[in-house]
Amino acid sequence: MTRPAVRDDLVALEGYHSPQLDVDVRLNTNESPLPPPPEFVAELREAVGDIRWNRYPDRAATALRKGLAERHGVDPGQVFVANGSNEVLQTVLLTFAGAGRRVLTFEPTYAMHSQIARTSGATVVSRDRLADFSLDASGVLSAMEVADPAVTFLCSPNNPTGMAEPADLIAEVLDHGRGLLVVDEAYGEFAERSAVDLLGEEVPLVVTRTYSKVWSMAAMRLGYMIGPRWLVAELDKVVLPYHLDALKQRAGMLALGHAADMESRVAELVESRRSLVSALSGLDVEVWPSQANFVLFRPRRLPGRDVWQGLVDRSVLVRDCSSWPRLENCLRVTVGSRPENERFLSSLEEVLAP
Ligand SMILES: *Cc1c(COP(=O)(O)O)cnc(C)c1O
């Protein structure tokens, strides 16, 4: 038998790599170091008994969309929910990108934007951010002019740099750009600003959020987006029927009842991020300002890969970004619990010691 051939346009695809090593301190995937409150887990346990397990779930996830819409002050028809925001992005790309269309990204940014665009069949056009990793509206608009993208991604705060896009930049891009603009706000609650205020029925904008980071629910795989009602109706035609199981819909709802806990966990992490940035600034590394729950840094003297390995040898895992576009020697560390941050800092100090 000969093996069936993978699609020609996917042969060179590399897949998503983030090593899952067995270490004491895991600061590589931007998860929350804290679990959701015990009351949430107790409520979820009870919810298991209420579910009619022989029946398909509510296909429209009505209650969850309503709950999310209330949280953001929008209409439930503007909300689309899926298994992680990656599935939200995939559904958007299947609906608006695909073969013969182009998707525009600005590097360095979240690798899954171009990865999912490629699996949708679209052609990815990547432009570089400025030297300090920011963007200027005129650069974004001229890239749009040339590429004529069906979908353009911005990520705010941007993974892996941690920087948020100014609202006036996003507004200008919406006014003068073309195609659909997706603003990935996976870390939105950690930041001082959001593009949610710019949404409108005739504005070609969607904003994505996730339960994976701020809600301490990475294990659940739940994400959502807010956008125009007409656009959500198109996504509903494309996504698989019953894609969101009943327990997950309940979990998403129950979590919203603990928003205050979530916000206090976020506030604590923002505080820890400040301490982490200030401690890093005292070491022999370059540090970028962050509005997220992670910090990008670059050792000045040693190769990034060696520093990463030195940390792994001390049972501390951070993200090695040193082979990513524009990020030579860079590492990204997630803000962990206080003891985890201290262990990371003392290990890093040892590794960097001359
Ligand atoms: C972590 C992350 C996501 C989250 O994806 P989920 O599928 O919701 O876990 C999305 N976008 C960015 C930029 C991220 O860093």
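Just follow the structure's listing: the first ligand is 1, and inside any ligand the first atom is 1.
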Quick check on ligand 1: any N or O pairs to the protein under 3.5 Å? One line per pair.
unit_1	atom_1	unit_2	atom_2	d
ligand 1	5 (O)	S85	OG	3.2
ligand 1	7 (O)	S85	N	3.2
ligand 1	7 (O)	N86	N	3.0
ligand 1	7 (O)	N86	ND2	3.2
ligand 1	7 (O)	R221	NH2	2.7
ligand 1	8 (O)	S85	N	2.6
ligand 1	8 (O)	S85	OG	2.9
ligand 1	8 (O)	T210	OG1	2.6
ligand 1	8 (O)	S212	OG	3.4
ligand 1	9 (O)	S212	OG	2.6
ligand 1	9 (O)	R221	NH1	2.8
ligand 1	9 (O)	R221	NH2	3.3
ligand 1	11 (N)	D184	OD1	3.3
ligand 1	11 (N)	D184	OD2	2.7
ligand 1	15 (O)	N159	ND2	2.8
ligand 1	15 (O)	Y187	OH	2.6
ligand 1	15 (O)	K213	NZ	3.3

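- Taking 4.5 Å as the limit, every side-chain heavy atom of T334 sits out of range of all side-chain heavy atoms of E31.
- For residues 139-151, the pairs satisfying side chain to side chain donor-acceptor pair (under 3.5 Å) are E145-R178, D148-R178, with sequence neighbours left out.
- The ring-ring contact (aromatic ring centres under 6.0 Å, His included) test applied to Y187 returns F294, not counting sequence neighbours.
- A salt bridge between E340 and R343 is absent, with no side-chain N of the basic residue lying under 4.0 Å from a carboxylate O of the acidic one.
- The aromatic rings of Y224 and H72 lie tilted to each other, with the angle between the two planes from 30° to 60°.
- Residue pairs that meet the side chain to side chain donor-acceptor pair (under 3.5 Å) test with at least one member in residues 344-354, sequence neighbours left out, are R314-E350.
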